[in-house]
Amino acid sequence: PMMERPMTDRVERYDAIVIGAGVIGAAVGFELSKKGYKTLNVDKLSAAGHGSTGASCAIIRVHYSTLDGCALAYESYHYWKDWATYLGLDDGTPLARFVECGCMIYQTEQNQHLETVRARARELSVPFDVWNPDEVERRLPIATAEKYGPVKLPDDPDFSETVEGERLGAVFFPTAGYINDPQLSAQNLQRAAQARGATFRFNQSVTDILQEGGRVAGIVLADGSRIESKVVINVAGPHSMKINALAGVDSGMNINTRALKVEVAHVPPPAGYDYEHDAFVVSDSDIGCYSRPEMGNHILIGSEDPECDERVFVDPDQWDDSFTEQWKTQVYRQAQRYPDLPVSSPLKGVVSMYDVSDDWLPIYDHSSLPGFYMACGSSGNQFKNAPVAGKLMAELVEYCEAGHDHDKNPLQFRLDHIDFVLNTAKVSRLRSINSESSFSVLG
C-alpha cells in the first residue's frame with residue numbers, strides 16, 4: 001500500500017526572510033526581531049560576516065559630500081561608540097571594538113579642497129579640525145605633504161615627481177576610526193538577533209524566489225527545500241544582482257548593482273614607527289589611496305578608484321581571487337606619501353568583491369514585487385552604516401506592509417541621535433544617478 005506522508009513534513013514559515021548574514025543582513029535581522037518578527041537569515045557561506053563584511057576595512061567615518069550620506073554616517077557613529085548598549089547582550093559575548101583614532105582627509109583639487117564636506121559637517125555639527133601642511137607632517141611624521149597628483153600608474157615616467165611649490169593640508173575628523181574585527185561585528189549582531197528569537201542558517205544558497213498572488217511568497221534553497229514568507233529582503237552583497245534577477249525586479253530599477261573585484265594590501269609601516277597606536281585613518285585622493293592602522297602594527301591600503309585604474313567587474317560565482325598588479329600599484333602609491341615604506345614585502349592582504357551600485361550609493365528600498373525588499377549596492381562604503389541600515393529596512397518593511405505607497409510617498413526616516421529626517425527617496429532604486437557622488441568607494 002502507499003505510505004502516508006509523515007506528519008513531520010511541515011512547511012517552514014517565517015514573518016521575514018533575510019538573504020545574507022553580513023553586517024547589514026545581520027542588522028536587518030536584529031532590527032526586525034526587535035519589532036517582534038519571526039526572522040530567518042540565510043547565507044551561502046559558513047558563518048556571519050564571512051563575505052564582503054569580513055574583507056572590509058571596516059572604516060567608521062563621518063565625512064561625505066552629500067548631506068544625507070553625512071547624516072547617516074554621523075548617526076551610525078553613535079551606535080558603534082556604544083556598541084554594547086545597542087546590542088543589549090549581557091552574556092559575556094566578546095564584542096567587536098571601535099578604535100576611535102580619527103580620520104584625516106587630504107585637501108585636493110579632486111575633492112574641491114573639502115569645501116562641500118566641511119559645509120555638510122557644519123550643518124550637522126560634526127566636529128573637525130583643519131591642518132596646514134606643516135601640521136600634517138607633525139601629526140604623521142612618516143608622511144610628506146608634497147603634491148603628487150593627478151594619480152598615476154607606477155610605470156608612468158613622472159610617477160615619483162612632485163608638483164613644485166605645492167603642499168597639501170588636510171581636514172581631521174576626531175569622531176572616526178575603524179572596527180578591529182568586522183567579521184565579529186556581524187556575529188555580534190547575529191547573537192543579539194538570536195537573543196530576540198531570530199534564526200540563522202548557513203551553507204545554504206537561494207536558488208529561487210517564490211511568488212504567489214502577485215507578491216513574494218518565500219524562497220527555495222539549493223537542497224530543494226521551500227521556506228515560506230510574505231517578506232523577503234535581499235541583502236546578498238555581491239550576489240544581490242542575481243537575487244534581484246531571480247525575483248524579476250531588476251528590469252524596473254533605475255539603479256542597478258554589480259560585483260567588483262577589490263584588493264587591499266597589508267604591509268608593515270616604516271621602521272621604528274608605531275603605526276597601530278600613533279596613526280589614524282587617512283583618505284588621500286592625491287595618490288588615490290585610503291589607509292588605516294591594523295592590529296600587529298600594520299597598514300591596510302585600499303584604492304580610492306582613480307580613473308587610471310581598471311575596474312574589474314566579475315561574476316560572483318566565477319571569478320579569480322588572486323592578487324594582480326593592483327596590489328603593487330596601491331603599495332607604490334602609498335610609498336609616495338610614506339617615502340620609507342617597505343615596498344618589497346610579500347603579497348599580503350585581501351582579495352574580495354564589493355556590491356557596487358551605478359552611483360556607488362546604496363539602495364535601501366522595496367521593489368516592484370510586493371513583499372520583496374533590497375538593501376544592496378552597499379559594499380565599500382556602507383559598513384559604517386550597518387546599524388542604521390538595519391533600522392531603516394525594518395521601518396520600511398513595517399511602512400510598506402501597512403499599505404503605504406512608498407514610491408509615491410517615501411518613508412521619512414527619523415534618526416535617533418541627530419536632528420535629521422532622511423527622505424528615503426534618496427536611497428531608492430528609482431532615483432536618478434546622484435551627481436554629488438564621487439563615483440568611487442568614497443560614495
Side-chain angles (χ1 to χ4, degrees), residues 57 59 61 63-65 101-121 128-174 176 264-265 267 269-270 273 275 278-293 299-311 325-343 360 381 436-443:
C57 284
I59 289 170
R61 64 178 166 102
H63 68 277
Y64 270 85
S65 55
C101 55
C103 176
M104 180 182 82
I105 311 100
Y106 283 95
Q107 294 172 283
T108 67
E109 287 149 23
Q110 291 92 323
N111 61 32
Q112 293 81 47
H113 304 282
L114 298 171
E115 287 173 13
T116 306
V117 165
R118 283 181 284 165
R120 298 288 183 248
F128 66 87
D129 298 310
V130 179
W131 293 349
N132 65 28
D134 291 340
E135 184 72 2
V136 169
E137 291 181 349
R138 189 180 77 78
R139 301 278 190 149
L140 195 58
I142 56 170
T144 169
E146 299 291 329
K147 183 177 189 292
Y148 283 91
V151 183
K152 305 170 191 73
L153 293 171
D155 59 7
D156 189 304
D158 296 328
F159 183 74
S160 59
E161 299 297 317
T162 59
V163 179
E164 198 173 335
E166 288 198 49
R167 296 169 75 232
L168 302 174
V171 176
F172 183 79
F173 286 88
V264 173
V267 299
Y273 187 71
Y275 203 89
D278 296 343
F280 29 76
V281 177
V282 178
S283 172
D284 190 345
S285 51
D286 182 59
I287 61 167
C289 288
Y290 66 88
S291 56
R292 75 154 171 86
I299 311 172
L300 289 183
I301 305 165
S303 171
E304 291 192 349
D305 312 290
E307 286 193 13
C308 57
D309 287 9
E310 181 190 5
R311 289 185 177 174
E325 282 292 300
Q326 183 63 34
W327 186 95
K328 188 174 80 172
T329 295
Q330 287 163 207
V331 174
Y332 276 40
R333 283 185 187 141
Q334 193 62 55
Q336 291 176 314
R337 185 65 62 217
Y338 301 162
D340 296 325
L341 186 75
V343 294
W360 287 74
N381 62 44
E436 285 189 319
S437 172
S438 68
F439 296 95
S440 75
V441 68
L442 297 176

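We use all heavy atoms of the structure for the numbers below, so side chains are in, but hydrogens, waters and symmetry mates are not.
Applying the side-chain hydrogen bond (donor to acceptor under 3.5 Å, both in side chains) test to every pair with at least one member in residues 331-342, sequence neighbours left out, gives these pairs: Tyr275-Tyr338, Asp284-Arg337, Asp286-Arg337, Asp309-Arg333.
With a 4.5 Å cut-off on side-chain heavy atoms, Ile105 and Asn111 count as touching. Contact annotation: the side chain of Tyr273 approaches that of Leu140 to within less than 4.5 Å [non-hydrogen atoms, C-beta and beyond]. With a 4.5 Å cut-off on side-chain heavy atoms, Lys328 and Pro154 do not count as touching. Leu341 places a side-chain heavy atom less than 4.5 Å from the side chain of Val267.
The side chain to side chain donor-acceptor pair (under 3.5 Å) check on Asp129 picks up nothing, with sequence neighbours excluded. Residues satisfying the side chain to side chain contact (heavy atoms under 4.5 Å, CB included) criterion with Pro342, sequence neighbours excluded, are Pro268. Annotation: side chain to side chain donor-acceptor pair (under 3.5 Å) contacts of Arg138 (sequence neighbours excluded): Glu135. In this view, Glu115 satisfies the salt bridge (Lys or Arg N to Asp or Glu O under 4.0 Å) rule with no residue, not counting sequence neighbours. Listed by chain and number, the residues in a side chain to side chain contact (heavy atoms under 4.5 Å, CB included) with Glu137 are Thr144, Ala145, Arg167 (sequence neighbours excluded). Applying the side chain to side chain contact (heavy atoms under 4.5 Å, CB included) rule to Asp158 yields the partners Lys152, Asp156, Glu161; only residues at least two apart in sequence or on another chain are considered. The ring-ring contact (aromatic ring centres under 6.0 Å, His included) check on Phe128 picks up Phe173, with sequence neighbours excluded. Under the side chain to side chain donor-acceptor pair (under 3.5 Å) criterion, Glu146 pairs with no residue, sequence neighbours left out. Taking Glu166 as the reference, Glu109, Lys147, Val163 meet the side chain to side chain contact (heavy atoms under 4.5 Å, CB included) condition, with sequence neighbours excluded. Every residue two or more places apart in sequence or in another chain was checked for a side chain to side chain donor-acceptor pair (under 3.5 Å) with Gln107, and none qualifies.
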So Val151 and Glu304, side chain to side chain contact (heavy atoms under 4.5 Å, CB included) or not? Walk me through it. CA-CA 10 Å; Val151 183; Glu304 291 192 349; over 6 Å; no

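Closest of all the heavy-atom pairs between Pro339 and Ile142 is CD-O, 3.6 Å. Summarising the geometry of Tyr106 relative to Ala143, their closest heavy-atom pair is OH-CB, 4.0 Å, with the distance given to 0.1 Å. The two residues Arg120 and Ser65 have their closest heavy-atom pair at NE-O, 3.0 Å. Here the shortest heavy-atom pairing between Val281 and Pro293 reads N-CD, 4.0 Å.
For the atom pair CZ (Arg61) and OG (Ser283), the distance works out to 7.0 Å, reported to the nearest 0.5 Å. To the nearest 0.5 Å, the span separating CG on Leu300 from OH on Tyr290 amounts to 8.5 Å. Here the CD atom belonging to Gln330 is positioned 5.5 Å from the SG atom belonging to Cys289, to the nearest 0.5 angstrom. Rounded to the nearest 0.5 Å, atoms CG (Leu168) and OG (Ser285) are 8.5 Å apart. Atom CZ of Phe159 sits about 7.5 Å away from atom OG1 of Thr329, to the nearest 0.5 Å.
The backbone N or O of Cys57 sits less than 3.5 Å from a side-chain atom of Arg292, completing a donor-acceptor pair.
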